[in-house]
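Report on the following structure.
Convention: sequence-line order gives letters A, B, ...; per-chain numbering from 1. Scope of the values below: all heavy atoms of this structure, side chains included, with no hydrogens, waters or symmetry mates.
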2 protein chains.
Amino acid sequence: MAARQDAQQADVPAICKSCEARQDRLCGALSARQLAELAEASSMHEVLAGTELPDDGTYSNLLSGVVKLTRDLSDGRQQIVGFHFAPDFLGRPFEAKRPIKAEALTNVALCSFPRTLVDRMANETPELGRRLLKHALNELDDARDWMAALGRKTASEKVASFLLMVARNIDPAHRPASSISFDLPLTRADIADFLGLTIETVSRELSRLRLDGAIRIANKRQISLASIAQLEARCGD
Amino acid sequence: MAARQDAQQADVPAICKSCEARQDRLCGALSARQLAELAEASSMHEVLAGTELPDDGTYSNLLSGVVKLTRDLSDGRQQIVGFHFAPDFLGRPFEAKRPIKAEALTNVALCSFPRTLVDRMANETPELGRRLLKHALNELDDARDWMAALGRKTASEKVASFLLMVARNIDPAHRPASSISFDLPLTRADIADFLGLTIETVSRELSRLRLDGAIRIANKRQISLASIAQLEARCGD
DNA sequence: CGTTACGTTGAAACTCATCAATCGCAGTGG
DNA sequence: CCACTGCGATTGATGAGTTTCAACGTAACG
């Protein structure tokens, strides 16, 4: 039994071993055999910040970095409709009715797979299909949370909620009450496009939070959440 | 072969036959045998307008009527995050992190199934799992479309987009250019809660559309879209 | 250094919310 | 039958919050 496990372990592609942490996610549904087949067909990419990810129908694990998803109106107005923080799964089964663009906010490392292979494995392996569904439903929950924020929160509530969301995603293991520091992977313009505001309003609300002692801002992008309790009190939900 | 098909047809539960139109959807993934088992365990409900649907973990086909999904902020502000128009599938695999309430906007007829049974069938039948995933992704697309509307559209664009969306869902077979009439299944308050506006603003924008000849309003709820082209020109995307 | 991109801050303008009055209509009960 | 009430909707006047327009600051880079 132990021998057999070892044998299976030995079959795990080397490239996946350093990625073990991510196996809790989609790849964790696969047998060592499937993993080997997938690894065989996979390819690693690095994408520079500011580059649009091609919508070539591949699926990817996001190994590092942050990606934004945007929907554009015809006159150029833009709305960010979601983010992917590493480690996350990236890619869309079936075609969407309306195009959504994906762009790297930071430099990004991807491990990509051909769609057909993953779809086939999803048919063979119910657990993989289940994880794809769960992943989609998590994205749906997030989208609906932000619908509530976009429709019903004030500008300052939106900014406070946004900072907490980024912190949770960048440091999922954060102890609730302690303070956190991180590099904002977004420009003010990106934040505005996510929160349905202007960059000026975002800037003003950040300044207000800073003056009130809820956050500290070093060097524009380097944010530390000094008082998470204060932010939570201001986030409106 | 024909005989066998007839035999299968004969196995289709009587209750499902009158529902054949809906079989394009989820139930269409099932064999006659599975359908019989599902019908055995299913139950029909009628829910009155204004009633909250219990979150008892069952799945349902929505046979007639309209349902709203809402997310509430702690201070009572409310956002509608989605609708279900018959025929549609209703129910959520896995638990959501944050509660979403479902409420009947009109009287509603449901055909409900126990969750465990559907989940088991989804494991046995990849096609069913695929349809669940596709359904979730469609809801995600809708949610993201409305994120863009909530974040980036003006009040009048929101109202125009909303009317077109309702028309598309109530009469999916509409010829694009022709005019459509329907009963709005929502109060002004519901519309406001969906579009992130106040009832007064909704009312004013509807009046404006009426004065401009884009729509006609008889008896508050009875709307006819006189000029779909004009609405599309005003919907902002 | 000049240039460019990103961010901050101030003043004015505008959209939409708030407050308030009125209307139409359905139900209810005198 | 008609007043009374209640709810949803419309419309107007006013005001707050956010956008727009504009100026300036700061850091990175040729």
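- Between B:R204 and C:dC16, a side-chain N or O to OP1/OP2 separation shorter than 4.0 Å is absent.
- Nucleic acid contact for B:T187: sugar-phosphate only, since backbone atoms but no base atoms lie under 4.0 Å from a heavy atom of the residue.
- Only one option out of A:D142, A:D237, A:D141 pairs with B:R98 in a salt bridge (charged side-chain N to carboxylate O under 4.0 Å, His left out); it is A:D237.
- With DNA chain C read from its 5' end, the first of the two nearest nucleotides for A:R152 and A:R188 is the one closest to A:R188.
- Nucleic acid contact for A:I199: none, since no nucleic acid atom lies under 4.0 Å from a heavy atom of the residue.
- Using a 4.0 Å heavy-atom criterion, one finds that A:R221 contacts the sugar-phosphate atoms exclusively.
- When heavy atoms are screened at a 4.0 angstrom cut-off, B:R210 is found touching the sugar-phosphate backbone but no base atom.
- Along DNA chain D, read 5' to 3', the first and last nucleotides having any atom under 4.0 Å from a heavy atom of chain B are D:dA9 to D:dA13.
- Between A:K153 and B:L186, the one whose closest nucleotide on DNA chain D sits nearer the 5' end is B:L186.
- Atom-to-atom, CG of B:N219 to C1' of C:dC23 comes out at 14 Å; the value is rounded to the nearest Å.
- Legend: residues meeting side chain to side chain contact (heavy atoms under 4.5 Å, CB included) with B:A155, ordered by chain and number and at least two apart, are B:L197, B:T201, B:E205.
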For B:L137 and A:F94, what are the C-alpha separation, side-chain angles and deciding distance, and is it a side-chain contact (heavy atoms from CB on, under 4.5 Å)?
-> CA-CA 8 Å; B:L137 287 167; A:F94 316 109; 3.8 Å; yes
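- Atom CZ of B:R92 has more than 12 neighbouring heavy atoms from other residues, nucleotides or ligands inside a 6.0 Å radius.
- Annotation: B:D55, atom CG; neighbour count of heavy atoms from other residues, nucleotides and ligands within 6.0 Å does not exceed 12.
- For A:K220, the listed nucleotide lying nearest its side chain is C:dG7; candidates were C:dG10, C:dC16, C:dG7.
- B:L197 comes within 4.0 angstrom of sugar-phosphate atoms only, judged by non-hydrogen atoms across all strands, and of no base.
- Counting to the nearest Å, the P atom of C:dT9 and the CZ atom of A:R208 are 12 Å from each other.
- In this structure, the side chain of B:D75 engages the main chain of B:R77 through a donor-acceptor pair within 3.5 Å.
- With C:dC16, C:dT18, C:dT9 as the choices, the nucleotide that has an atom nearest any side-chain atom of B:T154 turns out to be C:dC16.
- Nucleotide C:dC6 holds its P atom 13 Å from the CD1 atom of A:I191, rounded to whole Å.
- For the pair B:T201 and C:dT15, the criterion of a side-chain N or O lying under 4.0 Å from OP1 or OP2 is not met.
- B:E205 has its CD atom 7 Å from the P atom of C:dC16, to the nearest Å.
- Distance A:I223 CD1 to C:dG7 C1': 12 Å, rounded to the nearest Å.
- Formation of a donor-acceptor pair under 3.5 Å by the B:R71 side chain with backbone atoms of B:Q79 is not found in this model.
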